[in-house]
There are 2 protein chains.
Amino acid sequence: MDVTLVEGVRRFNRTVTQRIGALDDAFLSRDRPLGQARLLWEIGADGCEVRELRSRLELDSGYLSRMLRGLETAGLVVVDTGGADARVRTARLTAAGLAERAELDRRADALAASILQPLNAGQRDRLVAAMAEVERLLVASMVDVAVVDERHPDAAHCIESYFAELTQRFGFDPARTIPADLTAYLVATLHGEPVGGAGLKLVDAGVGEVKRMWVSASVRGLGLGRRLLAEVEAAARGRGVRVVRLETNRTLVEAIALYLAAGYREVGAFNDEPYAHHWFEKVLEA
Amino acid sequence: MDVTLVEGVRRFNRTVTQRIGALDDAFLSRDRPLGQARLLWEIGADGCEVRELRSRLELDSGYLSRMLRGLETAGLVVVDTGGADARVRTARLTAAGLAERAELDRRADALAASILQPLNAGQRDRLVAAMAEVERLLVASMVDVAVVDERHPDAAHCIESYFAELTQRFGFDPARTIPADLTAYLVATLHGEPVGGAGLKLVDAGVGEVKRMWVSASVRGLGLGRRLLAEVEAAARGRGVRVVRLETNRTLVEAIALYLAAGYREVGAFNDEPYAHHWFEKVLEA
DNA sequence: CTAGTTCTCTGACTAAGGTCAGAGGATGGA
DNA sequence: TCCATCCTCTGACCTTAGTCAGAGAACTAG
């Protein structure tokens, strides 16, 4: 890894993360413990199930329970057993809790404004643009890619989403396509949620196919498609594959652009997939 | 303040600051309390006076003392009374402490590398560039500008630095220039240290002069000159000034460019400053 | 209906972070 | 020389953060 890049990230972490982070926490905790303030914020205007809070904030159930009791005695929150399942309890903000949260909101705005205030208009625009770029790329970097079995729930979710999108885009019918029979599926997750995937099917000796590649709309533009393609190629190479093939529908123009940019070249049909218009192939480098 | 800009800053704070901040802390504290780890880091390879640590980390003296004792019993630090003043004690890292710090350094590198690792080369470059931009602009935003008296130590520091720079750049001699006799001096500070300033001198009714404007080399390129000029104009306007004048030496090309960009136009000599080659004037808007 | 699981809560506990008052030596200015 | 101040340290104390074990009610699969 290039040393100057690493040094750049470290400088950023030192200056930005610590200084702005400390500011952020200081404003959030107005005479209330930071944990409770965060919790108040996270519950939100519409309330939130306790178990949802637990998983989102990654808190010990005892600890969370105690904090909720604290907010409850402060009159900011009520916890009731609302839904069908009487074990699950839901935390809701009272009027006072909503007011408190609105105050936090105002203070977060004020903090952001105070950062922008000393800058001139051009600097403000540049700062916000650079912040958005950093955020986007850090999110991209937080995406995890792992190899799972085709039947893994995350893989199933990706494949279903893939079918759903094709159905919506060009009237695809899952029953008519060639069954995939995948050797492996790569799942990309963000904060534990599957946001993309790509399947590898070993066909003949040294030949693999990329199938069921999908990227969630929520993470488009982060280069995830390119990354998945590269990782599936790496997985194929690790299994002795020399040539990777794939086919696609003509309406999927972004996918076609991706394949061409990744070094695939169009070849004649190598299968009779009813929905395919283009067939591609790439010889992997040793 | 534009709402979308504020929203952008808030998104950044949420996603980046908290997530990377938490990561940063987690790696830093390897089975040692975070406070002690930070302290170890801050002492540095060359040691550091205890009072310096106290002010840099803004710690209670008792608390700091206790943490130093902790590091001392762990064999990572020695605290001795080194210098001329026997009250002041200096913390130094032992060999074990240096090794520990080097390990922290390695881990910080690894953390940075792990952020870059999932990205492709183009994304890495863009991320680091955007991080540098964010950092630069946040530093610019942390600069404080305040009006002080000409004799304030910070003002004196700025004026001395100004003279020193002119001396170095074109053989300026402070004894030969027109005495300034300033009405007010604006000092820009970063983390409490003066990094720039500009003086205002009221001459005739409705006429002010900008004198002794200086920006430290450490913060060049952050738009501080432009900001100081704008703030000194605002201060002048608040004192009933309609026309701002200033003169400059021909070697100070950045300054001349700044004045022109800020709406100053060149006029005839309005004083007999021996080092001046250009005289500028700007009519302030109501 | 039963046995195992899920969800929340309480009690008991520990570590870390942080504050405050004051002791005691060292220094510096009148 | 003396008194106020500075620097560091100790003791006493408090809050926040976080962990662990287990109880008890509610649910679910067989």
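A, B, ... follow the sequence lines: proteins, then strands. Residue 1 opens every chain. Values reported hereafter were calculated over all heavy atoms of this structure, with side chains retained and with hydrogens, waters and symmetry mates removed.
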Measuring from the side chain of P33(B) (C-beta onward, heavy atoms only), which nucleotide among dA17(D), dA16(C), dT10(C) has the closest atom? dA16(C)
So D60(B), base contact, sugar-phosphate only, or nothing? Heavy-atom distance under 4.0 Å. base
Between R220(A) and E165(A), does at least one N-O distance fall below 4.0 Å, as a salt bridge requires? yes
Of E58(A) and A86(A), the one whose closest DNA chain D nucleotide lies more 5': E58(A)
With a 4.0 Å cutoff (strictly under), does any side-chain N or O of R54(B) reach OP1 or OP2 of dC7(D)? no
Run the salt-bridge test on R38(B) and E42(B) with the 4.0 Å N-O cut-off and return the result as yes or no. no
Considering only heavy atoms and no angle criterion, is a donor-acceptor pair shorter than 3.5 Å present between the side chain of S61(A) and the base of dC9(C)? yes
Regarding L34(B), tell me which of base, sugar-phosphate or nothing describes its non-hydrogen contacts under 4.0 Å with the strands shown. sugar-phosphate
Tell me whether R101(B) at atom CZ has more than 12 heavy atoms from other residues, nucleotides or ligands lying less than 6.0 Å away. yes
Would you please test R69(B) and T73(B) for side-chain hydrogen bond (donor to acceptor under 3.5 Å, both in side chains) and show each step? CA-CA 6 Å; R69(B) 274 324 70 65; T73(B) 57; over 6 Å; no
When the distance from CD of Q36(B) to C1' of dG18(C) is rounded to whole Å, what number comes out? 14 Å
Given dG18(C), dC9(D), dT8(D), the nucleotide with the shortest approach to the side chain of V88(B): dT8(D)
Taking atom C1' of dT16(D) as reference, at what distance in whole Å does atom CZ of R38(A) sit? 13 Å
Tell me the interatomic distance from D31(B), atom CG, to dT14(C), atom C1', rounded to whole angstroms. 17 Å
Is a donor-acceptor contact shorter than 3.5 angstrom present between the side chain of R66(A) and the base of dG11(C)? yes
Atom-pair distance (OH on Y63(A); P on dT8(C)), nearest Å: 18 Å
Upstream residue (5' side of DNA chain D) when A84(A) and E49(B) are each assigned their closest nucleotide: E49(B)
Please report the distance, rounded to the nearest Å, between CE in M67(B) and P in dG18(C). 8 Å
Measure from the side chain of D85(A), starting at C-beta and using heavy atoms only, and say which of dG18(D), dA26(D), dT10(D) lies closest. dA26(D)
Is R87(A) close enough to dT5(C) that one of its side-chain N or O atoms is under 4.0 Å from OP1 or OP2 there? no
In whole angstrom, what separates R89(A)'s CZ from dT6(C)'s C1'? 15 Å
Send over the distance from L59(A) CG to dT16(D) P, rounded to a whole Å. 16 Å
Do any side-chain nitrogens or oxygens of R51(B) fall under 4.0 Å of OP1 or OP2 in dC7(D)? yes
Rounded to the nearest Å, what distance is computed from the CZ atom of residue R69(B) to the C1' atom of nucleotide dT8(D)? 8 Å
For R89(A), look at atom CZ and say whether over 12 heavy atoms of other residues, nucleotides or ligands are found less than 6.0 Å away. yes
